[in-house]
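Sharing a structure below in structure tokens format, with a few things to ask.
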Amino acid sequence: SFDRGDVHFVALDTEDIGEAQRDWLESDLDAADKRWIVAYLHRPPYSSGAHGSDDEVRNELVPLFERFRVDLVLAGHEHHYERLRPQDGVEYVVTGGGGGGTRPVDGSELTAFAEDVVHYVYVTIEGEELLLHAIDASGQEFDQPYISK
């Protein structure tokens, strides 16, 4: 993990989830003193794509995201873009639209927006406002979720 400005960033290994990482994450989030917390990981806890939601990630990490009020969780693994409806106060975005082509995504009852599109995302944070920009291969912004503190 590291801090940059008002943001605490946490990188997690979803290929080796276990007690050591859970304990570390709990301690790290408990000590975080920044206004914003962003976690990033490979396998998504929630997804409507070909791989689907990852139960181990959801069972082991999501309770800590909720308890420590993580603002945004960015995941990959799937080859599409999907923004989920906030789950217990946490925003989840699957951003896997670069490099290996895309796969269809239909969405689910948890989905706020989904598209099988080559893309990238970037986040801007200014004070009480976080804005995520989803940009397709032609440079057009196709989604712009906003979080306010």
Side-chain angles (χ1 to χ4, degrees), residues 1-100 102-103 105-135 143-149:
S1 67
F2 63 94
D3 296 330
R4 175 89 175 175
D6 268 347
V7 186
H8 182 69
F9 292 93
V10 181
L12 297 164
D13 180 0
T14 58
E15 306 311 303
D16 188 21
I17 295 173
E19 185 177 352
Q21 183 173 223
R22 254 190 344 272
D23 290 349
W24 174 85
L25 178 60
E26 182 174 22
S27 176
D28 181 78
L29 292 176
D30 188 46
D33 62 355
K34 298 300 180 184
R35 178 178 307 274
W36 296 92
I37 301 174
V38 175
Y40 55 99
L41 45 113
H42 182 70
R43 291 184 287 144
Y46 302 103
S47 173
S48 302
H51 296 294
S53 301
D54 190 284
D55 291 337
E56 184 180 26
V57 173
R58 192 171 56 243
N59 293 335
E60 298 294 329
L61 302 178
V62 166
L64 292 172
F65 296 157
E66 293 171 359
R67 179 173 154 206
F68 291 100
R69 299 181 176 200
V70 170
D71 298 289
L72 175 64
V73 176
L74 299 169
H77 195 50
E78 299 284 9
H79 291 224
H80 67 264
Y81 174 86
E82 184 175 15
R83 177 171 43 88
L84 290 299
R85 298 183 195 288
Q87 301 297 305
D88 294 308
V90 181
E91 296 278 346
Y92 294 90
V93 174
V94 176
T95 174
T102 62
R103 294 188 192 119
V105 58
D106 292 327
S108 71
E109 68 279 353
L110 299 179
T111 304
F113 182 91
E115 190 167 338
D116 59 338
V117 58
V118 173
H119 71 278
Y120 67 93
V121 300
Y122 72 92
V123 175
T124 58
I125 297 176
E126 293 185 23
E128 303 289 318
E129 299 176 345
L130 180 150
L131 190 59
L132 185 139
H133 305 270
I135 311 296
D143 193 30
Q144 191 180 71
Y146 166 84
I147 304 171
S148 179
K149 285 280 189 182

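Because only heavy atoms are used, hydrogens play no part in the values below, and waters and symmetry mates are left out as well, while side chains stay in. Worth saying up front: this structure is predicted, and the values here are computed from it rather than measured.
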Using the rule given for side chain to side chain contact (heavy atoms under 4.5 Å, CB included), can you reason through Leu74 versus Phe9, listing the C-alpha separation, both sets of side-chain angles and the distance that settles it, and then say yes or no? CA-CA 11 Å; Leu74 299 169; Phe9 292 93; over 6 Å; no
ring-ring contact (aromatic ring centres under 6.0 Å, His included) partners of Tyr40, counting only residues at least two apart: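 If we apply the ring-ring contact (aromatic ring centres under 6.0 Å, His included) test to Tyr40, skipping adjacent residues, there are no hits.
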Spacing of CG belonging to Leu84 relative to CD belonging to Glu109, to within rounding of 0.5 Å: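 CD of Glu109 is found 10.0 Å from CG of Leu84.
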Applying side-chain contact (heavy atoms from CB on, under 4.5 Å), name anything that partners Asp71, two or more places apart in sequence or on another chain.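 Checked Asp71 against side-chain contact (heavy atoms from CB on, under 4.5 Å); matches are Trp36, Ile37, Lys149.
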Among residues at least two apart in sequence or on other chains, which ones pass side chain to side chain donor-acceptor pair (under 3.5 Å) with Arg35? Glu128
Can you confirm whether more than 12 heavy atoms, excluding those of Glu15, are under 6.0 Å from its CD atom?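 Yes.
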Looking at every heavy atom in both Gly76 and Val94, which two are closest together, and how far apart are they? O-CG1, 3.8 Å
List the residues meeting side chain to side chain donor-acceptor pair (under 3.5 Å) with His77, not counting sequence neighbours, and say none if there are none. His42
First locate atom CG of Asp88, then atom CZ of Arg67, and finally report the distance between them rounded to the nearest 0.5 Å.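 Rounded to the nearest 0.5 Å, the CG-CZ separation comes to 15.0 Å.
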Compare every heavy atom of Asp6 with every heavy atom of Lys34, then report the nearest pair and how far apart it is. CB-O, 3.4 Å
To the nearest 0.5 Å, what is the distance between OH on Tyr92 and CG on Leu41?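 Here the interatomic distance stands at 9.0 Å.
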side-chain contact (heavy atoms from CB on, under 4.5 Å) with Ser148: which residues, sequence neighbours excluded? Tyr146
Between His119 and Thr102, is the side chain to side chain contact (heavy atoms under 4.5 Å, CB included) condition met? List the steps. CA-CA 10 Å; His119 71 278; Thr102 62; 5.9 Å; no
Can you measure from CD1 (Ile17) to CZ (Arg22) and round to the nearest 0.5 angstrom?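 Ile17 CD1 to Arg22 CZ: 9.0 Å, rounded to 0.5 Å.
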Minimum side-chain heavy-atom gap Phe68-Val90 below 4.5 Å: no
Begin from the C-alpha positions of Val123 and Val38 and carry the test side chain to side chain contact (heavy atoms under 4.5 Å, CB included) through to its verdict. CA-CA 10 Å; Val123 175; Val38 175; 5.8 Å; no
May I have the list of side-chain donor-acceptor pairs in residues 46-56 shorter than 3.5 Å, sequence neighbours left out?
unit_1, atom_1, unit_2, atom_2, d
Ser47, OG, Gly49, N, 3.0
Ser47, OG, Glu78, OE2, 2.9
Ser48, OG, Glu82, OE2, 2.7
Ser48, OG, Ser108, N, 3.3
Ser48, OG, Ser108, OG, 3.1
Ser48, OG, Thr111, OG1, 3.2
His51, NE2, Arg103, NH1, 3.4
Ser53, OG, Ser47, N, 3.0
Ser53, OG, Ser47, O, 3.4
Asp54, OD1, Arg43, NH1, 3.3
Asp54, OD1, Glu56, N, 3.1
Asp54, OD1, Val57, N, 2.9
Asp54, OD2, Arg43, NH1, 2.5
Asp55, OD1, Arg58, NH2, 2.5

Does Phe113 have any side-chain contact (heavy atoms from CB on, under 4.5 Å) partners at least two apart in sequence or in another chain, and if so, which? Tyr81, Arg83, Glu115, Phe142, Asp143
Can you name the closest pair of heavy atoms from Asp28 and Ser1 and give their distance? OD1-OG, 2.6 Å
Kindly write out the residues that satisfy salt bridge (Lys or Arg N to Asp or Glu O under 4.0 Å) with Glu91, not counting sequence neighbours, or none if the list is empty. none
Among residues at least two apart in sequence or on other chains, which ones pass side-chain contact (heavy atoms from CB on, under 4.5 Å) with Arg85?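 Listed in chain order: Gln87, Ala112.
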d(Glu60 CD, Leu25 CG) to nearest 0.5 Å is 11.0 Å
Between NE2 of His133 and OG1 of Thr124, what distance do you get to the nearest 0.5 Å? 3.5 Å
Partner residues of Asp13 under the side chain to side chain donor-acceptor pair (under 3.5 Å) criterion, sequence neighbours left out: none
Minimum heavy-atom distance between Val105 and Asp116, given as atom pair plus value: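 Val105 and Asp116 have their closest heavy atoms at CG1-N, 3.9 Å.
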